[in-house]
2 protein chains.
Amino acid sequence: MTMAERKKDAVKEMLKIADEIYEDLKNSRIPELQVPSRTKANIAFDEHHRVWKYGTNKSTRSAVSLAGAYMLLRTIYTIDFIKKMIEQNKSSTLREMYYISEGWGEGKFSTQSDSDRLAEDLEILTKKLREDMSLRPEEDGARVMGDLVVEEITRKGEKRKIHCQDDVGDSGYSIPYNVEKEKLKFKETNAKIIMAVETGGMFDRLVENGFDEKRNTILVHLKGQPARSTRRFIKRLNEEKNLPVIVFTDGDPWSYRIFASVAYGAIKTAHISEYLATPSAEFLGVTPSDIHNYDLPTDDLTNEDISALKSELSDPRFHDEFWENEIKLQLKMGKKSEQQALAKYGLDYVTDKYLPEKLSEMGYEM
Amino acid sequence: MTMAERKKDAVKEMLKIADEIYEDLKNSRIPELQVPSRTKANIAFDEHHRVWKYGTNKSTRSAVSLAGAYMLLRTIYTIDFIKKMIEQNKSSTLREMYYISEGWGEGKFSTQSDSDRLAEDLEILTKKLREDMSLRPEEDGARVMGDLVVEEITRKGEKRKIHCQDDVGDSGYSIPYNVEKEKLKFKETNAKIIMAVETGGMFDRLVENGFDEKRNTILVHLKGQPARSTRRFIKRLNEEKNLPVIVFTDGDPWSYRIFASVAYGAIKTAHISEYLATPSAEFLGVTPSDIHNYDLPTDDLTNEDISALKSELSDPRFHDEFWENEIKLQLKMGKKSEQQALAKYGLDYVTDKYLPEKLSEMGYEM
């Protein structure tokens, strides 16, 4: 399907929602919409896609309450806005949509989290991606450095091939917010693995030390909790070029969540986990065991860290031997560490010793 | 001077500091170092460069106290580390330097803010840039889109010309962390102005609407409080290509500080304002008057906003009629607004109406 066809399809699906509400009203029924509950308790493993998706618990948005009625009114205004935007070949950030609702009278959103949630509801109800509705986040694209040629269709509709080492500066290639096939194609690569790196400092270290060239690795900067476009980029690259994905983060509960969102699917976006998650992605470190084995500089766990670790122990995505052992070990140690803490042993230690050792333990001889 | 010569020079200046301390000790004097106080009260206008620099107030780091003695010990270790790093042609993030100090025994830093402050002290004492000492921040490079050819010397020493519209994806060109002449040269441009934009959402909006092409503008994304490399990039582009710089931000006190750091110099980096600040940079908006004139959606000022505005009224950098009127107006209105709030009037309003009107008021007919 071309992008234009997908957008047309998204409009068709959205109009069905409007029709349903109209039919309800015409037949004197109180209109309502049902969407899955978006909580940790309501995610279930999808055996087919090997990712975590929403379970069967539902929330109802019903016009029986005033708040629910407003929500349905906003839904109709939003569908109308998206339809017009697609007709005019424009796109909008979620924040712009929030401000545009200023002109919708009673349909105005009171906070941006309301309008963001509605965009998610529409994705769930239509089974279409936000990108197909021309909505995009504020998030900045992450950076890529490695032996990979991408072909981007630019805003003017021209094809542009970019080699993510030879055609870019030392900052790498910036991932655009839309990375669907109609916008971005993967061409030649001789890389052997994809390494997703949490912090910019470590990404720049690996680039400076030439890790991408010496170890045939495509480096992708996650920039903390990765944007949808970054996760989609990694997933497509994994599938289309058959390259393993290794995740390298700090050693704390927030970083494990970053890994989970790459590998298993994030709770907020579980309705599209099969588009965003890379089930075969592996966690390299920094693990609590690494903190011990490599005698890394640490900080004490804060109370928030401890709650987050405990919450992970009850998170179905982390129910396996590796994570249970590591999380329990960390709670026992009471310590956390950062990937840049490896600099304790010098600036080359991470590329000359730590990463080769860890990759070899994981079965990768580079 | 080549980069190698500048680095050699920085080492020479740093060794002078070590010599001074050594001479003090040899002659039974208590060693001490003096650096300017880095406060709002101690900045003064430099008529020659037309930027704000530190005044004459000094702080003394003296070994007469235990804390001061540790500080001098760390200074010596840091100088030794930088010297070795330059000899090996490496560079380090400030965070890595903090971790590397783990191996310095009594010279270990207790927090990264201590090591960051020392890096600033060394800049001030040696009158060299941190970049010449091979130290760099974690900060990510900002993005550029416009009719401009840059020539980057890559990590492998190759020259690479990049046109910031034709050779990049829709995310634009990423500014590397080192933008000194030895790393980055500005080549051809037909642009008429540089527009520095605070948020990624607005940068992408201007790109999508083709503002860079239609109005001959080089768009630079500030990414909130801009990194040194971004400010240096803008300053060099302003001087070398003789292009006016227009700053477009949200309408709140934090955004006015962003403008001040671009135009006047930031308090934290006032020792190098003449490298980083662009005195001729002009503030386009969103101004408190715009909030009124364009009837923009607003939020109430928080207590922090009000204190920040009051603090700006006593900041010498804001002592002019324009800022005093606007800040007083905003305190009276009790409101703030965001650049994306212009979306209230539709997605094209900012490029079709607001920016052309404001630019024309400022004397730019594009």
Side-chain angles (χ1 to χ4, degrees), chain A residues 85 88 90-100 102-103 136-141 143 150 152 154-156 160 162 165-178 183-184 199-202 204-205 207-210 213 221 223 296-297 338 340-348, chain B residues 85 88 90-100 102-103 136-141 143 150 152 154-156 160 162 165-178 183-184 199-202 204-205 207-210 213 221 223 296-297 338 340-348:
Chain A
M85 191 165 58
Q88 289 162 24
K90 303 289 284 186
S91 72
S92 157
T93 65
L94 292 167
R95 191 141 194 84
E96 285 174 324
M97 180 169 88
Y98 164 66
Y99 280 120
I100 278 174
E102 286 277 327
R136 58 191 160 82
E138 294 294 284
E139 295 150 340
D140 235 5
R143 300 181 286 143
V150 296
E152 213 182 293
T154 68
R155 56 186 165 155
K156 286 186 284 189
R160 185 164 302 154
I162 300 171
Q165 279 166 337
D166 298 345
D167 299 333
V168 296
D170 282 359
S171 255
Y173 167 71
S174 281
I175 300 180
Y177 55 80
N178 179 353
K183 171 78 187 170
L184 190 82
T199 66
M202 181 53 77
D204 286 336
R205 164 63 45 224
V207 170
E208 178 173 308
N209 290 8
E213 295 195 323
H221 178 201
K223 287 185 111 175
L296 296 179
E338 294 186 346
Q340 291 200 78
L342 290 155
K344 172 185 174 184
Y345 301 109
L347 297 172
D348 296 336
Chain B
M85 192 163 60
Q88 290 161 25
K90 302 290 282 186
S91 72
S92 157
T93 65
L94 293 166
R95 191 140 194 86
E96 285 175 323
M97 181 169 89
Y98 164 66
Y99 279 119
I100 277 174
E102 286 277 327
R136 60 190 158 84
E138 296 293 287
E139 294 151 341
D140 236 4
R143 299 181 287 143
V150 297
E152 213 183 295
T154 68
R155 56 187 165 156
K156 287 185 284 189
R160 184 165 304 154
I162 299 170
Q165 278 166 338
D166 299 344
D167 299 333
V168 296
D170 282 359
S171 253
Y173 167 71
S174 280
I175 301 180
Y177 54 80
N178 178 352
K183 171 77 187 171
L184 189 82
T199 64
M202 183 52 76
D204 286 336
R205 163 63 44 223
V207 171
E208 179 173 308
N209 290 7
E213 296 194 324
H221 179 200
K223 283 184 114 174
L296 296 179
E338 295 186 346
Q340 291 200 78
L342 291 155
K344 172 185 174 184
Y345 301 109
L347 298 171
D348 296 337

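Every chain is numbered from 1, with letters handed out A, B, ... down the list of sequences. Values in this document were obtained by computation on a predicted structure and should not be read as measured data.
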Practice task
For the pair B:E208 (side chain) and A:S91 (backbone), establish whether a donor and an acceptor sit closer than 3.5 Å, ignoring hydrogens and angles.
Solution key: yes
Exercise for the section: Spell out, as yes or no, whether a donor-acceptor pair under 3.5 Å connects the side chain of B:R160 to the backbone of A:V168. Expected result: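 Yes: the side chain of B:R160 pairs with the backbone of A:V168.
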If you count heavy-atom pairs within less than 4.5 Å of chain B, which of [options] leads?
options	value
A:M97, A:Q88, A:K183	A:K183
A:G169, A:A341, A:S174, A:G201	A:A341
A:S92, A:G346, A:G172	A:S92

Check each atom of [X] against the heavy atoms of chain B and say whether the ones under 4.5 Å are side chain, backbone, both or neither.
X	result
A:E152	side chain
A:N178	neither
A:E213	side chain
A:I100	both
A:M85	side chain

Handout entry: Structural part of B:D170 lying under 4.5 Å from a heavy atom of chain A
Key =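 For B:D170, the contact with chain A is made by backbone and side chain together.
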Handout entry: Contact origin within B:V207 toward chain A - heavy atom pairs under 4.5 Å
Key =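 Its backbone and side chain both get close to chain A.
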Exercise for the section: Apply salt bridge (Lys or Arg N to Asp or Glu O under 4.0 Å) to the pair A:E96 and B:R205, showing each step before the final yes or no. Expected result: CA-CA 10 Å; A:E96 285 174 324; B:R205 163 63 44 223; 2.7 Å; yes
Handout entry: Residue pair B:T199 / A:R95, side-chain heavy-atom distance below 4.5 Å
Key =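 Side-chain contact under 4.5 Å: no.
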Practice task
Please examine the side chains of A:Q165 and B:T154, heavy atoms only from C-beta on, and report whether any two atoms are closer than 4.5 Å.
Solution key: no
Practice task
Compare every heavy atom of A:E338 with every heavy atom of B:Y99, then report the nearest pair and how far apart it is.
Solution key: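 Taking B:Y99 first and A:E338 second, the nearest heavy atoms are OH-OE1, 3.0 Å.
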Completion exercise
Distance col, row B:Y173:OH vs A:S171:OG, nearest 0.5 angstrom, shows 7.0 Å
Practice task
List the steps and the verdict of side chain to side chain contact (heavy atoms under 4.5 Å, CB included) for A:D204 and B:R136.
Solution key: CA-CA 10 Å; A:D204 286 336; B:R136 60 190 158 84; 3.4 Å; yes
Exercise for the section: Evaluate the side chain to side chain contact (heavy atoms under 4.5 Å, CB included) criterion for residues B:K90 and A:D348: first the C-alpha distance (whole Å), next the side-chain angles of each, then the deciding distance (0.1 Å), finally the verdict. Expected result: CA-CA 9 Å; B:K90 302 290 282 186; A:D348 296 336; 2.5 Å; yes
